[in-house]
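Taking it in order: structure first as structure tokens, then the write-up.
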Number of protein chains: 2
Amino acid sequence: MNTVASAAPYHHGDLRRALLDSATAILTETGRWDFSLREVARRAGVSHAASYRHFTDKEALIAAVALTGYETLHTCMTTAIDEATGAVGTLRAIGQAYIGFGVANPALYRLMFGQALPSIEGLPPAVLAVLTEARAVLRGVILTGARAGAFAIDPEDEQEVSVAVVTAWSLVHGFTLLTIDRVVDREVRPQVIDTLAARVTERLIVGLLPT
Amino acid sequence: MNTVASAAPYHHGDLRRALLDSATAILTETGRWDFSLREVARRAGVSHAASYRHFTDKEALIAAVALTGYETLHTCMTTAIDEATGAVGTLRAIGQAYIGFGVANPALYRLMFGQALPSIEGLPPAVLAVLTEARAVLRGVILTGARAGAFAIDPEDEQEVSVAVVTAWSLVHGFTLLTIDRVVDREVRPQVIDTLAARVTERLIVGLLPT
DNA sequence: GCGGTGTGTTGACGGTGGTAACATTCAGCG
DNA sequence: CGCTGAATGTTACCACCGTCAACACACCGC
């Protein structure tokens, strides 16, 4: 029963990956994260109970999908950082990359930061690790900028740095969600989302610059 | 069969209100918006199909709950505005009221701005109306401040005003969600959320002040 | 070749959203 | 008062869902 496909490492193939792909496909097509496990299985061409050999739960499947999202977001941000120069430029790049990812993958973004997962605790450690690292990266950029005098922040004041981190994250997170939820559309024309994102990010940066 | 209660305008009482109350109770108790319609009915002491006499859909029930949330948020903001003076003070008051509402009603807030509703279009017109008005209020405050010279914004530049509006809304929205989702907790101690909210709001205002 | 283990299937259970047919109660009107 | 129709609530049912246990198959090392 050898078909054209290359290595099929298991019994019937790499079902875990197939399920993940099906779930992601449904997610991006319908824009909804409340798909049924059975539909995912159906789409992957297996029986409805097969997924339980690879995911303990429906929630585990969703968490796995979310994890891929976190990883993609992470690489988006790191490549953006690599291509940017200077504290201000780096912060700008991070913001734009973050917003760009969210707007490009609205359903996935909502799944990642939505409700599906039971509060942030109780998530798979891998997810928490990526989140924590993302925040650390942001903090590092702001701290570097503060030390270089690019931002009006005392690098020794832990609280002040934290406030800046939370502010920046809140802004891009909120903007991304408002855009995804089309709350923003009626304020500006949709084709200028990039421009709007840039200007919103700029507002943040202006607020951080030394006078 | 007259009980102590006053007018029971209908057959078995004001079931619509009772269902709404049950749903809200479950929401605040469990913190999850994905309750079952049947549980709501059970809690209200009626059969599971009774709700269909008052709400066309489960989604309609959820939308009705969300509407009460929007209205509460609206009154929170307007009373905050009434008690504040000056453009800067008003903006600060709005931000704090908004964040305060979200943090005090996490589940409701998530339901309002989450995923349960199918994008922002297709919502009951009443919901859209409240949202639109909220944005108009915010815009008015910023515009007034810009005209008075309290903010470094050209009041005649529609785009610039819009950017400021979206920035402000994004910031409070994002901060509220990050706080609700406990993403922020490990950055600062939880008992200082108010302080943090104040300082984050302050960062926004500083960014708007004229140099 | 053989047994065990990993993998997928079948079938069942309780629970869910939604509908249709039925039962009940209320309001209006003679 | 008694009748009638509409509003309200109940029962019974459907297809579907998540999950589990029992079963069937296919691959591995021996």
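The figures that follow rest on heavy atoms only: side chains count, while hydrogens, waters and symmetry mates do not. First the proteins, then the strands, lettered A, B, ... as listed; each starts at 1. Being a predicted model, the structure only gives us computed values, none of them experimental.
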| task | Verify side-chain contact (heavy atoms from CB on, under 4.5 Å) between B:L20 and B:F55, making sure each step is shown before the conclusion. | result | CA-CA 10 Å; B:L20 242 34; B:F55 301 98; 3.6 Å; yes
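In this structure, the CG atom of A:L19 is 10 Å from the P atom of C:dT9, given to the nearest Å. Rounded to a whole Å, the CG atom of A:D34 is 13 Å from the C1' atom of C:dT16. In this structure, A:L37 atom CG and D:dG18 atom P are separated by 5 Å, rounded to whole Å. If you take CZ of A:F55 and P of C:dG8, they are 11 Å apart, rounded to a whole angstrom. Taking atom NZ of residue B:K58 and atom P of nucleotide C:dG15, one finds them 16 Å apart after rounding to whole Å. Distance OH (B:Y52) to P (C:dG17): 7 Å, rounded to an integer number of Å. What separates CZ of B:R43 from P of C:dT16 is a distance of 14 Å, to the nearest Å. Following rounding to the nearest Å, A:H54 (NE2) and C:dT5 (P) show an atom-to-atom distance of 18 Å.
Within the nucleic acid shown, A:R16 has no heavy atom closer than 4.0 Å to any nucleic acid atom.
Taking every side-chain heavy atom of B:S36 into account, C:dT16 is the closest of D:dT19, C:dT16, C:dT19. Picking from C:dG8, D:dC20, C:dG18 the nucleotide with the shortest atom distance to the side chain of B:D57 gives C:dG18.
A donor-acceptor contact shorter than 3.5 Å links the side chain of A:Y70 to the backbone of A:M112. In this structure a side-chain-to-backbone donor-acceptor pair under 3.5 Å is missing from B:S47 to B:A50.
Distance check, rounded to the nearest 0.5 Å: CH2 of A:W33 to CG of A:L27 gives 10.5 Å.
Under the rule for a ring pair (Phe, Tyr, Trp, His ring centres under 6.0 Å), B:F151 has no partner lying at least two apart in sequence or in another chain. Under the salt bridge (Lys or Arg N to Asp or Glu O under 4.0 Å) criterion, A:E158 pairs with A:R139, not counting sequence neighbours.
Of the residues B:L204, B:T201, B:L171, B:L196, the one that meets the side-chain contact (heavy atoms from CB on, under 4.5 Å) test with A:T167 is B:L171.
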Dump every N/O contact between nucleotides 10-13 of chain D and the protein below 3.5 Å, one line per pair.
{"from": "D:dT10", "atom 1": "OP2", "to": "B:S47", "atom 2": "N", "distance (Å)": "2.6"}
{"from": "D:dA12", "atom 1": "N6", "to": "B:H48", "atom 2": "NE2", "distance (Å)": "3.4"}

